Structure formats: structure tokens, C-alpha cells
Amino acid sequence: MAKSKKREKEERKAVDEAKKITPAKLLRLALKSMVFAIIVAGLVVVLNLLGVPALGSAWVQLGIMFVVYLIAYPFLMSEFRPKSPKK
């Protein structure tokens with residue numbers, strides 16, 4: 001019984017720590033976002049230079065950026081997720 005209360009307290013503390021917005025977390029989020037933006041922009045440019053006709057449309061380019069963002073979202077926001085408790 002005491003272990004479960006202790007574990008609950010640790011989990012609550014981990015969730016509270018994950019919710020805190022700190023300058024370091026914001027900096028890491030900004031750096032990760034810039035890296036992904038550069039990767040997506042490079043991908044679009046390379047595919048456009050290779051002559052993929054659909055990439056001439058801005059809507060298709062935005063769609064590609066959106067899909068890559070959805071895929072990268074868990075990695076980008078990992079700073080704000082609670083860490084798993086140590087056993």
C-alpha cells in the first residue's frame with residue numbers, strides 16, 4: 001500500500017515537472033523545430049528540382065509540411081511529456 005502511494009506521488013511529481021515551461025525546454029523545442037523545418041524545406045526543394053510536377057503547387061508543399069509535422073510531433077514535444085519513473 002505504501003509503495004503505491006509513493007509511486008503515485010512520484011508520477012504526480014513527474015507530470016508536474018513535465019508541465020513546467022522553462023527557457024531550456026523552449027530553446028530545445030525551437031532548435032528541434034528549426035531542424036525539422038530545414039529538413040522539410042530541403043526535401044521539397046530536392047523533389048522540386050527532380051521535376052516532381054505536383055510540388056509546383058503551394059498547397060501540396062504545405063500538405064507535405066503538415067504531414068511531416070504530424071510525424072515529428074511526438075519527438076518535438078517530448079520535452080513536455082513526463083519521464084517514466086525509475087524502477
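This structure is a prediction, so every number in the text was calculated from the model and none was measured.
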query = Could you give the distance from NZ (Lys25) to CE (Met77), rounded to the nearest 0.5 Å?
reply = 10.0 Å

key: Atom pair CG/CD1 of Leu43 and Ile38 - distance to nearest 0.5 Å   = 13.5 Å

inquiry  = Can you tell me how far apart NZ (Lys32) and CG (Leu27) are? Round to the nearest 0.5 Å.
reply    = 11.0 Å

task = Using the rule that two of Ile, Leu, Val, Met, Phe, Trp, Tyr join whenever any of their side-chain heavy atoms come within less than 4.5 Å, decide whether Ile21 and Tyr73 are in one cluster.
result = yes

message = Are Val35 and Tyr69 linked, directly or through intermediate hydrophobic residues, by side-chain heavy-atom contacts shorter than 4.5 Å (ILVMFWY only)?
response = no

key: Reported CD1-to-CH2 distance for the pair Ile64 and Trp59, which is rounded to 0.5 angstrom   = 14.0 Å

query = Roughly how far, to the nearest 0.5 Å, is the CD1 atom of Ile71 from the CG atom of Leu76?
reply = 11.5 Å

ask   = Donor-acceptor pair, Ser78 side chain versus Phe75 backbone, under 3.5 Å?
value = yes

message = Contact between Met65 and Val40 at the side-chain level, heavy atoms closer than 4.5 Å - yes or no?
response = yes

